[in-house]
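I have placed the structure first, in the form of structure tokens, so that the comments after it can refer back to it.
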Amino acid sequence: MAKLPAQGLLITDTTVEILVLNGAGGKYWVAGYAWSRLPAGVVNGGKVSDSRVLAEEIRKVAGKVKPQFRGPVVLGLPQAHVFLKGFTLPKFEGKDLEEAIAWHVNSLSPLIPDDTYTAYEIAGETGDGQIRVTLAAVQKEIVDTYVEAVNLAGVELGVIEPVVMAKTRLINPKQLWGKSVVGVHVYGGVVTASILVNGKVWFSRESSVAVGEGQVINGIVNEIVDYFVKKRDKDVPNLSEILYCGDRAGLQFIKSNLGNTALPVVVAEPGIVLKASGAVSDLEVAAMAPVLGLAMRGDLNRKEMINLVPTWLTGQGEINRWRRTAGVMVTVAAITIWLLAGVWMGFKWWWQQEADKLGLELSQVVFDAQEEQELTAWKEGFNRQVEMATAILENQTDYERVLSNLAAVTPKGVKLTALVYQSAPSKWSISGVAGNREDVLVFDRELKNAQLFDGAQLYFSSLDTDTEVGFRFGGSGDDK
């Protein structure tokens with residue numbers, strides 16, 4: 001499974017489905033599932049007629065499975081528009097193999113016209129050492145209309161594959177290894193019959209069925225069995241059985257109508273066992289849903305599996321992933337800066353609160369201390385405030401002496417609102433309000449006469465008024 005949740009997107013003539021599959025420790029569960037019925041004519045016979053309307057429906061379905069839905073999806077193409085062909089080649093490797101396959105594809109023209117997307121996977125080796133290749137080809141117009149709709153919906157495509165590959169994935173691999181079987185899948189009124197050799201699709205047929213059309217399933221099965229018998233290589237095992245699966249109605253349809261065959265008919269075991277989850281209620285039906293098979297593709301980077309995503313879209317996807325990664329990095333950096341700024345602003349606010357408390361307490365005592373008894377009581381309370389504030393400062397004695405001396409030289413006409421003082425190296429600032437500028441100048445002289453600070457700088461908040469004058473002293477240097 002991929003690190004990101006594996007996600008399947010299935011579009012039929014009538015519905016859009018998205019399934020998000022999660023797994024851990026060999027256990028799997030459906031993390032999200034939603035579907036929507038398409039308006040008539042949006043998709044007709046597997047061809048997209050209105051990309052914008054389809055995009056809007058995809059967007060609605062994707063919104064229902066968020067936040068589980070993220071990252072690229074695996075899109076299934078309808079079997080009716082996919083040309084599958086198996087062939088053998090000498091055992092080349094790397095670029096030589098790609099060139100040999102490209103030559104073989106060109107030799108199939110006009111069976112495969114130029115306006116097609118092609119992809120292949122290695123299906124196995126023959127007894128004489130050659131490799132068996134499965135080729136998939138789809139008209140570019142078909143793929144491009146699906147790509148357009150999915151892009152308009154804001155969904156990233158990781159893989160495009162024939163939906164028959166997804167249906168094969170729903171069967172337990174242990175029932176497929178080392179033998180040739182007929183796989184029959186009936187789900188949502190669609191029957192798919194495939195020849196599977198060692199779990200790989202050789203060729204397939206698909207048709208819609210309804211109640212009373214039991215002859216359809218027999219006709220399709222007989223057709224592909226006859227074709228296999230004629231085209232089978234000598235080293236390929238004979239057909240051993242028919243494995244069938246589907247939804248509840250499909251299983252009943254197969255049991256009632258599939259007959260007159262020389263091969264044993266066996267019910268298929270699910271490819272994975274789903275754990276219960278809140279996303280789906282019927283696990284048995286979900287285990288055979290084609291959209292689950294698409295999600296099971298999981299590892300989006302497996303090059304040996306068929307992927308019909310156009311090369312131009314692959315490059316665009318890489319760019320988009322880099323953009324998303326850069327966006328995540330920027331977001332993380334912004335959150336980190338925000339948190340650091342929050343811590344700093346919180347500390348700054350706390351310190352300002354403590355400084356304001358000290359300033360207010362100091363101003364109140366300076367103006368109210370008329371008698372020695374009141375001054376003594378203030379000093380006791382002030383000392384307690386000093387002890388709390390100086391828990392942050394390294395030099396308690398210097399700070400207390402500065403505050404005590406400052407209270408003694410502050411005129412009654414001056415109200416101090418804030419004091420910030422650091423002893424080593426000495427940095428200080430005093431803010432307050434005076435009845436007039438003369439009171440501020442008196443305070444300035446008192447400070448200098450007391451030789452409390454060096455390098456004092458006096459700042460007035462305004463020179464336009466002589467009442468309620470705001471001021472600030474600031475400076476640095478060793479206190480005397």
* Asked: Quick check: are there more than 12 heavy atoms from other residues, nucleotides or ligands sitting under 6.0 Å from NZ of Lys231?
  -> no
The reported gap from NZ in Lys167 to CD in Gln79 (rounded to nearest 0.5 angstrom) is 7.5 Å
Check: Taking the side chain as C-beta and beyond, is there a heavy-atom pair between Leu9 and Leu294 under 4.5 Å?
Finding: no
Taken in chain and number order and not counting sequence neighbours, the residues that satisfy salt bridge (Lys or Arg N to Asp or Glu O under 4.0 Å) with Lys91 are Glu125
Sidechain-backbone polar pair: Ser204 side chain, Ala193 backbone, donor-acceptor under 3.5 Å | yes
Note to self: Please tell me whether Tyr33 and Glu17 have a donor and an acceptor in their side chains that are separated by less than 3.5 angstrom.
What the structure shows: yes
| query | Does NZ belonging to Lys179 count more than 12 external heavy atoms closer than 6.0 Å? | reply | yes
Problem set entry | Side-chain (Asn218) to main-chain (Asn257) donor-acceptor, under 3.5 angstrom | yes
Is the side chain of Asp282 donor-acceptor paired with the backbone N or O of Val285 at a distance under 3.5 Å, no angle test?
yes
| task | Assign the ring pair Phe203 / Phe228 to parallel, tilted or perpendicular, where the plane angle (0 to 90°) is split at 30° and 60°. | result | tilted
Note to self: Treating His81 as the side-chain partner and Gly45 as the backbone partner, does any N or O pair qualify as donor plus acceptor under 3.5 Å?
What the structure shows: yes
Self-check item: Side-chain donor-acceptor contact under 3.5 Å, Glu141 with Thr145
Solution: no
Rounding to 0.5 Å, atoms CG (Asn44) and CG (Asp13) come to a distance of 6.0 Å
Practice item. Could you tell me whether a side-chain N or O of Asp50 sits under 3.5 Å from a main-chain N or O of Val53, the two making a donor and an acceptor? Key: yes
Closest non-hydrogen atoms of Cys245 and Ala268, given as atom of the first, atom of the second and distance, are CB-CB, 4.0 Å
Heavy atoms of Pro90 and Ile131 approach each other most closely as O-CG1, 3.9 Å
d(Arg232 CZ, Ile195 CD1) to nearest 0.5 Å is 11.5 Å
- Task: Could you walk me through whether Tyr244 and His185 pass ring pair (Phe, Tyr, Trp, His ring centres under 6.0 Å), step by step?
- Result: CA-CA 6 Å; Tyr244 70 93; His185 179 274; over 10 Å; no
Check ion pair Arg52-Glu57 (N to O, under 4.0 angstrom) = no
Query - Whether Thr12 side chain and Thr14 backbone form a donor-acceptor pair below 3.5 Å - result: yes
- Query: Hey, is Arg248 close enough to Glu284 for a salt bridge, meaning N to O under 4.0 Å?
  - Reply: yes
Do Val201 and Leu196 have side-chain heavy atoms sitting under 4.5 Å apart?
yes
Separation between CG (Asn198) and CG (Leu176), nearest 0.5 Å, reads 9.0 Å
Tightest non-hydrogen contact, residues Val159 and Asn307, listed as CA-OD1, 3.4 Å
Begin from the C-alpha positions of Ile58 and Val155 and carry the test side-chain contact (heavy atoms from CB on, under 4.5 Å) through to its verdict. CA-CA 8 Å; Ile58 295 172; Val155 175; 4.1 Å; yes
Rounded to the nearest 0.5 angstrom, the CG-CG distance for Leu157 and Asn151 is 6.5 Å
Would you check if the side chain of Arg59 reaches a backbone N or O of Gly63 as a donor-acceptor pair within less than 3.5 Å? no
For Gly8 and Val291, the nearest pair of non-hydrogen atoms, with its separation, is O-CG2, 3.5 Å
When you measure from the side chain of Asn172 to the backbone N and O of Gln175, does any donor-acceptor pair fall under 3.5 Å? no
The reported gap from OG1 in Thr118 to CD1 in Ile101 (rounded to nearest 0.5 angstrom) is 9.5 Å
Salt-bridge criterion met for Arg132 and Asp235 (N-O under 4.0 Å): yes
* Does Asn22 use its side chain to pair, donor to acceptor, with the backbone of Tyr28 at less than 3.5 Å? -> no
Between Ser49 and Gly41, the two heavy atoms sitting closest are CB-O, 3.2 Å
Tightest non-hydrogen contact, residues Ser36 and Val61, listed as CB-CG2, 3.4 Å
Okay, side chain of Ser180, backbone of Pro237: is any donor-acceptor separation there less than 3.5 Å? yes
Contacts of Arg205 meeting side chain to side chain contact (heavy atoms under 4.5 Å, CB included) (sequence neighbours excluded), chain-then-number -> Ile220, Glu223, Ile224
